[in-house]
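Worksheet: the structure to be examined is printed underneath.
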Amino acid sequence: MMELIKRLGLNKNEVGNTSHISVNTDICKTCVDKPCINVCPAGTYEEDKENGITVHYERCLECGAALFACPFGALEFKYPEKGVSYIYG
Ligand code: SF4
């Protein structure tokens with residue numbers, strides 16, 4: 001059986017043209033701790049002084065951690081138009 005780290009390395013993420021993550025920046029502007037930034041393993045969320053948060057949807061691994069971490073329900077997530085292809089050897 002192939003090691004987990006090698007299997008994950010076979011994942012192929014095809015990025016679509018539109019974000020699959022919607023964010024209510026009015027809420028994010030008032031969010032002090034911004035836990036979405038710290039729980040996301042892919043660096044999808046970045047603090048933005050003007051809008052509260054910037055979402056780099058193309059980095060998303062679809063783990064869903066930020067949805068659970070956000071205490072205010074500011075995020076909406078749908079599956080990406082192209083999704084992630086898993087190519088197992
Ligand atoms: S998405 Fe949620 S956790 Fe992240 S900054 Fe906005 S309100 Fe805060």
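When a ligand or atom number is given, it counts from 1 through the structure's own listing order. Quick note: numbers below take in every heavy atom, side chains included, and nothing from hydrogens, waters or symmetry partners.
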For Leu75, the ligand 1 atoms whose distance to one of its heavy atoms is below 4.0 Å: 1 (S)

Taking 2.8 Å as the distance threshold, tell me the number of protein N/O/S atoms next to atom 8 (Fe) of ligand 1. 1

For Arg59 and Ala42, indicate whether the former's side chain and the latter's backbone hold a donor-acceptor pair under 3.5 Å.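 No, because the side chain of Arg59 does not come within donor-acceptor range (under 3.5 Å) of the backbone of Ala42.
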
I need the full list of ring-ring contact (aromatic ring centres under 6.0 Å, His included) pairs touching residues 28-48, with sequence neighbours left out, sorted by first then second residue.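 For residues 28-48, and leaving out neighbouring residues, there are no ring-ring contact (aromatic ring centres under 6.0 Å, His included) pairs at all.
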
Mind jotting down which residue pairs meet the ring-ring contact (aromatic ring centres under 6.0 Å, His included) criterion with at least one end in residues 48-68? Sequence neighbours excluded, please. none

Checking side-chain contact (heavy atoms from CB on, under 4.5 Å) between Ile53 and each of Cys70, Cys28, Cys31, which is the one that passes? Cys28

Partners passing salt bridge (Lys or Arg N to Asp or Glu O under 4.0 Å) against Lys49 (at least two apart in sequence or in another chain):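 Salt bridge (Lys or Arg N to Asp or Glu O under 4.0 Å) list for Lys49, sorted by chain: Glu47.
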
Do Asp48 and Thr54 pair up side chain to side chain, a donor and an acceptor below 3.5 Å, judged on atom types alone? yes

